[in-house]
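What follows is one structure encoded as structure tokens, with my remarks underneath.
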Amino acid sequence: MSQHPPTIQSTLAQDTNVAYIDTIQAYDQWADVYDTDGNFLQALDTIEMQWMLPELWAQIKAQTRQIGRQEYKLVDLGCGTGRNTLQLLDTISQDSLQSNVQIIGVDASNGMLDVARQRIDAVNRPADIEVELAPFDLLADIEAPSNRRTLNLVRDADGVISTLVLEHIPLNNFFGAAASILRSGAYLLVTNMHADMGKRSQAGFVDSATGKKVRPSRSYAHEVGQILAEAERWGFEVVQLPTGKAARSHGCVDGVIEREVTPDMVERLGPRSQKYAGVCFVWLGVCFRKK
């Protein structure tokens, strides 16, 4: 089993005004304000997904049709409030050639799933795109009884997206789960807080009742090299997304995209991004294919 780095909170200076609680409990509490509390990393991730998801969908369609499959199964692994589940749904809905698509969002937090369910129920979607939500805990054994039903539901997927999730998961847990979910030849799109930012901060929110900052008990500053090595160990190869000149225009180097906050981005990302402007990489994205 591969080694994962120490938790972020164990390497940062301790702040007595921060409460560290169980990761799932933290996200249950965070759910109601998760999309409105000004988290600039979510804003940046949403911007990047606007070009990454269409690129990913094109890759998935081409590969799936090549092997003669007539249906598509896509999984949002750690879907949270459904932010990118909805972006994926919108991407596919705009494709007039799509048909028979199943999108499954899974998360360990029931609070997050409740918000996602409300958001998804509120949008119209084509009749041939099915969207389902289900509980799934990446921190537990993948074959645990609590995971077994959902694992059977998501297995043999053509594509998985997992955005801003990896920070909270040991690498072997994450890629082991992804390998179990995806069929051979399928795609895995991963985004995460960059380790450079993880050495300075971690995810969290302010509890309105106490005024205290609340952070999940487990967060890891996974280095790019560690991510790529663990992915390879589980049978994944990096896919250039996008390809050719477009890759250079999006700052894609050897399949890995790294983003920092530039001064011109602060207004778009929100005031909380200001302190990171020009300081370090804050976000990364990479696409894999299961061999």
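As the structure is a computational prediction, the values presented were derived from the model and not from experiment.
- Grouping the Ile, Leu, Val, Met, Phe, Trp and Tyr side chains by contacts below 4.5 angstrom, directly or via other members, places L133 apart from I24.
- Side-chain contact between F174 and L138 is present, with heavy atoms from C-beta onward closer than 4.5 Å.
- Using a 4.5 Å heavy-atom cutoff, the side chains of R119 and R83 are in contact.
- Within 6.0 Å of CG on N152 lie more than 12 heavy atoms contributed by other residues, nucleotides or ligands.
- Atom CZ of R125 sits about 7.5 Å away from atom CD1 of I120, to the nearest 0.5 Å.
- When side chains are defined from C-beta on, L113 counts as touching C79, because their heavy atoms get closer than 4.5 Å.
- Side-chain atoms of H168 come within 3.5 Å of backbone N or O of R218 as a donor-acceptor pair.
- Side-chain contact between L284 and V224 is present, with at least one heavy-atom pair separated by less than 4.5 Å.
- The OG atom of S273 sits 12.0 Å away from the CZ atom of R268 when rounded to the nearest 0.5 Å.
- Using bins of under 30°, 30° to 60° and over 60° for the plane-to-plane angle, the ring pair Y27/W30 lands in the tilted bin.
- Between the side chains of W283 and D45, a donor-acceptor pair is found at a separation under 3.5 Å.
- Using modelled atom types, one side-chain atom of Q87 and one backbone atom of T46 make a donor-acceptor pair closer than 3.5 Å.
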What's the verdict on side-chain contact (heavy atoms from CB on, under 4.5 Å) for R215 and S201, showing C-alpha distance, side-chain angles and the deciding distance? CA-CA 10 Å; R215 298 192 189 279; S201 186; 4.1 Å; yes
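- Distance check, rounded to the nearest 0.5 Å: CG of L41 to CD of E167 gives 8.0 Å.
- Looking at F236 and L182, their side chains come closer than 4.5 Å, going by heavy atoms from C-beta outward.
- Ring planes of Y276 and F40: tilted class, angle from 30 to 60°.
- The shortest heavy-atom contact between A177 and I142 is CA-CD1, 3.4 Å.
- Between T150 and P135 the shortest side-chain heavy-atom distance falls below 4.5 Å.
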Derivation and outcome, side chain to side chain donor-acceptor pair (under 3.5 Å), residues R183 and T64: CA-CA 11 Å; R183 61 169 178 78; T64 302; 3.2 Å; yes
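- Here the side chain of Q226 pairs a donor or acceptor atom with the backbone of E223 at under 3.5 angstrom.
- In this structure, R155 places its CZ atom where more than 12 heavy-atom neighbours from other residues, nucleotides or ligands lie under 6.0 Å away.
- Side-chain N or O atoms of R148 include one that pairs as donor or acceptor with a backbone N or O of E143 at under 3.5 Å.
- When atom types are taken as modelled, the side chain of E258 and the backbone of V256 share no donor-acceptor pair closer than 3.5 angstrom.
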Would N147 and D141 satisfy side-chain contact (heavy atoms from CB on, under 4.5 Å), going step by step from the backbone distance to the final call? CA-CA 8 Å; N147 279 337; D141 188 302; over 6 Å; no
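- The backbone N or O of F136 lies less than 3.5 Å from no partner atom in the side chain of D107, so there is not a single donor-acceptor pair.
- Between L153 and I104 the shortest heavy-atom distance is O-CD1, 3.7 Å.
- In this structure, the separation between CD on Q63 and CZ on R69 is 8.5 Å, given to the nearest 0.5 Å.
- V282 pairs with exactly one of D196, L269, V261 by the side chain to side chain contact (heavy atoms under 4.5 Å, CB included) rule, that one being V261.
- Hydrophobic clustering of Ile, Leu, Val, Met, Phe, Trp and Tyr side chains at less than 4.5 Å, counting indirect connections, unites L44 with L88.
- Taking hydrophobic clusters as Ile, Leu, Val, Met, Phe, Trp and Tyr residues chained together by side-chain heavy-atom distances below 4.5 Å, L171 shares a cluster with V160.
- Contact between N84 and D76 at its shortest, heavy atoms only, is C-OD2, 3.8 Å.
- Counting only N and O atoms by type, the side chains of T81 and R117 include no donor and acceptor under 3.5 Å apart.
- Both I103 and W57 are members of a single hydrophobic cluster when ILVMFWY side chains are connected at heavy-atom separations under 4.5 Å.
- A donor-acceptor contact shorter than 3.5 Å is absent between the side chain of K291 and the backbone of G235.
- Here the closest heavy-atom approach between residue V75 and residue A157 is recorded as CG2-CB, 3.9 Å.
- Taking both residues in full, the closest heavy atoms of R259 and I257 are given as NH1-CG2, 3.2 Å, listed atom of the first, atom of the second, then distance.
- You'll find the side chain of K199 stays beyond 4.5 Å of the side chain of C280, heavy atoms only.
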Criterion side-chain contact (heavy atoms from CB on, under 4.5 Å) on L89 and V131, from CA distance to verdict: CA-CA 8 Å; L89 171 61; V131 183; 4.2 Å; yes
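- Note that the CG atom of D90 and the CE atom of M49 stand 14.0 Å from one another [nearest 0.5 Å].
- One finds a salt bridge joining K61 and D95 here, because a Lys/Arg side-chain nitrogen approaches an Asp/Glu carboxylate oxygen to under 4.0 Å.
- No donor-acceptor distance shorter than 3.5 angstrom exists from the side chain of D37 to the backbone of F205, with no hydrogens or angles considered.
- Contact check on D156 versus K73 returns no salt bridge, with no Lys/Arg side-chain nitrogen under 4.0 Å from an Asp/Glu carboxylate oxygen.
- Atoms CD1 and OG1, from I161 and T163 in turn, are 5.5 Å apart once rounded to the nearest 0.5 Å.
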Before you tell me yes or no, could you show the steps for D35 and Q42 under side-chain contact (heavy atoms from CB on, under 4.5 Å), namely the whole-Å CA-CA distance, both residues' side-chain angles and the distance that decides it to 0.1 Å? CA-CA 8 Å; D35 294 315; Q42 293 172 45; 3.9 Å; yes
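- One hydrophobic cluster, built from ILVMFWY side chains closer than 4.5 Å, holds both V214 and M112.
- W234 and E230 form a side-chain donor-acceptor contact under 3.5 Å, judged by distance and modelled atom types alone.
- Counting only heavy atoms from C-beta outward, the side chains of R65 and Y72 approach each other to under 4.5 Å.
- Judged by distance alone, the side chain of S162 and the main-chain N or O of L77 form a donor-acceptor pair under 3.5 Å.
- F175 has its ring centre less than 6.0 Å from the ring centre of F288.
- The minimum heavy-atom distance between L139 and D137, with the atom names listed, is N-OD1, 2.9 Å.
- Open room surrounds CD on E232; 12 or fewer heavy atoms of other groups in view lie less than 6.0 Å from it.
- D207 has no carboxylate O lying under 4.0 Å from a charged side-chain N of K213, or vice versa, which leaves the two without a salt bridge.
- D158 places no side-chain N or O within 3.5 Å of a backbone atom of L74 that could act as its donor or acceptor partner.
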